[in-house]
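All remarks here apply to the structure that follows.
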Amino acid sequence: MEYLKGLNPPQREAVEHTDGPVMIIAGAGSGKTRVLTYRIAHLIHAKGVDPFQILSLTFTNKAAAEMKHRIEQLIGLEARNTWMGTFHSIFAKILRVEADKLGYPSNFSIYDTDDSKSLIRTIVKEMRLDDKVYKANTVLARISGAKNRLISWEKYLNDPFIKADDETAMKPKMGEIYRNYQKRLFKSGAMDFDDLLFNTNVLFRDHLDVLNKYQQRFRYVMVDEFQDTNLSQYLITKKLAAVHQNICVVGDDAQSIYAFRGADIQNILNFEKDYPDLFVVKLEQNYRSTKNIVQAANSIIAKNKAQLKKDVWTQNQHGDLIELIKASSDNEEGRMVATTIFEEKNNKKLNNSDFAVLYRTNSQSRSIEEALRKMNITYKIVGGLSFYQRKEIKDLMAYMRFVVNKDDEEAFKRIINYPKRGIGDTTVEKMLVAAYEHDIPLWEVMNNASSFLPGRAANAVEEFTVMIKSFGIEVERKDAYEAASSIAKQSGLLRELYEDKTIEGLNRYENVQELLNAIKEYVDNPENEDKSLGSFLQEIALLTDNDRDKDTTDAVTLMTIHSSKGLEFKQVFVVGMEEDLFPSQMMMQSREDLEEERRLFYVATTRAMEKLYMTYALTRYRFGRLLNCEPSRFLEEVDPACIKVNKRASTALSGALRNESSEGRTGFVGLKKPSIRPATTAKVHTPSPDFKPSNTNNLTAGMKVEHPKFGFGKVNKIEVEGINRKASIVFDNFGEKTLLLSFAKLRIIEE
Ligand SMILES: Nc1ncnc2c1ncn2[C@@H]1O[C@H](COP(=O)(O)OP(=O)(O)OP(=O)(O)O)[C@@H](O)[C@H]1O
Ligand SMILES: [Mg+2]
């Protein structure tokens, strides 16, 4: 076992202790991820474990890819067959296979945050609530928080404490929004990101045979960055490992930075209780950073009260002191960072990729970007508005999504009138209302457009529907690339972009071409067995921001500290070390919040291998205003022996032109017109348990009926219009409604 030589004694112990529960909680850069990598190699190579039986959960897909690559280097190609990926990607795969058990189609859509927020806005509007109170962001965060703690909408609505909470927050309708949101997702055959975990829990809870299948399959389960798992994730791993108990988790409580997304350090403490025969490994030697950086990081985290005791040390060189750089403005900060990178590169023969610039919030990247561009230093932004979040890309993806899943309402809204085909907001609204009132899929409404819409609108919708159907046939017969190219052309989207001869238009056109290139690459890759468009879409839906960059060029990395977890760079700049920015203004309310910010600072510091810079500006544009800033309190918490003030004189004048980029056109068909949905606030009816739609051929005035949403009512009159039979029904709680009898689901209650 030649490779075991690359480990120190406790690391080696952790690798060789393959059976039973193992936990490694250790400081940054101590080789936790390395241990996981070697452990997988060891299981396959020395213990003869089938790679298909090993499941490893990482924080980003990129981390998974890197791990796979390292294992390949250790033991060869066999490594490819292990199950490795983020929680979301692995369990989405499993949910595809098992979807029918939950009543979902196997080609369910995955809604990204934009889709989710758009759906919430629609629902808030439909419920006639104030969208300034029920902001999409806030509502989504609340729903997400509930899901991550496995609180279903039913539980949410019935919990008196949650209710009291929402009432205190003056948002009493939160539970109902949650309910409507879930129902709408289900009807659209869609899951949001949190559903992928929530539904996996439901699947394993309600279908023990399925759980058992995966318990047998995954003999070994491993989790990296364990400190940032939430309850939902924790329970999934616990259930999966319940039979074999071969579970190994690694993490660092000092790097727990996702509490705002429901991550819970408590999981580390619970782990010890859940597995009494737990084998605990301590790793204390840091291999990543210089003595000076390790000492600084230790001094920072020591200020936190809540932490497990660790002594991190290193045999590495002492290295340079941390350089503290003061700038007069944010623009000057950018210039100083760029100049320093330029000089260091030349002096030390470094590559661009040896540098990272880390910031607290995405918007800080602008001034850094401008400065790097001026000095011709190549950079890439990880996270932020990435390729797949661009409007033109989302538009084409929405076409593809809708063709694959015709219930996908958010995709529908994006494309129904883009490029323009004369289908206005009112028509869209009418179709949504028809689907809602008759309780039928939108697709059915589209296929019967003439029953629901006036002539011209109906024609336009019919044309669109025919087009989508023809795409459907192509998707079935062709591979993802051929189908996607055809959709891009036939839909008129490529032409629309092509005709826009502005620089932005050209850019957008090229981006769409780039997406088609990516699909081609996907199809040509022998590792992807399923070459269908559906399979490609799933892959894309699950890319985390961190995975979305191409790693081919030599570039300086710009990213938020949150995204930098687990990574390392020779030289690191932590910029914007100012009060209210870092620690963030929003995180100074409580000791817990401040401690989370400090852990974030610890994460930032420990990314550096050789040299660390911290910068702050005296003035900064924020929220469109020039603000005076004060140096961050965190700077004072760094052991003064580790830091020196940079004497670099600022040369350039500040005040470059500010060029805020404007947002692109939006393709979303907003429901701007006043809603024609039920104006009543009556509660949607719950159908009787024996509800079954009756044959309505003989329905006449005076009969009593039950409708799945509007409840009980009495038929007022029946009208015949062309081929359509319509019934006007007066519902007890919803007033009079006119429904098309060939679509409405009505149960006739005998008189
Ligand atoms: N025994 C070892 N010998 C040589 N290099 C090592 C050893 N252990 C770890 N390293 C190196 O130290 C660096 C940090 O290791 P790794 O990324 O696994 O740490 P980590 O504990 O996962 O850090 P983080 O907490 O930031 O995720 C890597 O470059 C790794 O290859
Ligand atoms: Mg790691």
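This structure is a prediction, so every number in the text was calculated from the model and none was measured. Only heavy atoms go into these numbers, but all of them, side chains included; no hydrogens, no water, no symmetry mates. In each ligand, atom 1 is the first atom listed, and ligand 1 is the first ligand listed.
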Cationic N near anionic O, under 4.0 Å, Glu16 to Arg39: no

Worked verdict on Ile94 versus Thr200 for side-chain contact (heavy atoms from CB on, under 4.5 Å): CA-CA 8 Å; Ile94 291 180; Thr200 302; 5.7 Å; no

4.0 Å heavy-atom contact, Gln285 with ligand 1: no

Protein residue, atom and distance nearest to atom 11 (C) of ligand 1, heavy-atom basis: Tyr287 CB, 3.7 Å

From the candidates Arg288, Gln11, Arg607, the one that places a heavy atom nearest atom 17 (O) of ligand 1: Arg288

For atom 27 (O) of ligand 1, closest protein heavy-atom neighbour: Gly566 CA, 3.6 Å

Full working for side-chain contact (heavy atoms from CB on, under 4.5 Å) between Ile341 and Phe573: CA-CA 10 Å; Ile341 292 177; Phe573 295 82; 3.5 Å; yes

Residue and atom name of the nearest protein heavy atom (relative to atom 23 (O) of ligand 1), distance in Å to one decimal: Gly29 N, 3.0 Å

Arg219 with Asp50: basic N within carboxylate O range, under 4.0 Å: no

Option nearest atom 14 (C) of ligand 1 (shortest heavy-atom distance, choices Arg12, Glu568, Glu66, Lys32): Glu568

Proximity flag Asn8 to ligand 1, non-hydrogen atoms under 4.0 Å: yes

Arg620 and Glu333 ion-paired at < 4.0 Å: yes

Validation row: Phe226, Val250 side chains within 4.5 angstrom (heavy atoms): no

Closest approach of any protein heavy atom to atom 16 (P) of ligand 1, naming residue and atom: Gly31 CA, 3.7 Å

Heteroatom proximity flag, Gly6 to ligand 1, N/O under 3.5 Å: yes

Salt-bridge present (Lys303, Glu595; N to O < 4.0 Å): no

Residues Trp83, Phe218; criterion ring-ring contact (aromatic ring centres under 6.0 Å, His included); working and verdict: CA-CA 9 Å; Trp83 283 68; Phe218 300 129; 5.2 Å; yes

Closest protein heavy atom to atom 30 (C) of ligand 1, given as residue, atom name and distance to 0.1 Å: Arg34 NH1, 3.8 Å

Minimum-distance protein heavy atom relative to atom 22 (O) of ligand 1: Thr33 OG1, 2.8 Å

Ligand 1 contact by Leu7, heavy-atom criterion under 4.0 angstrom: yes

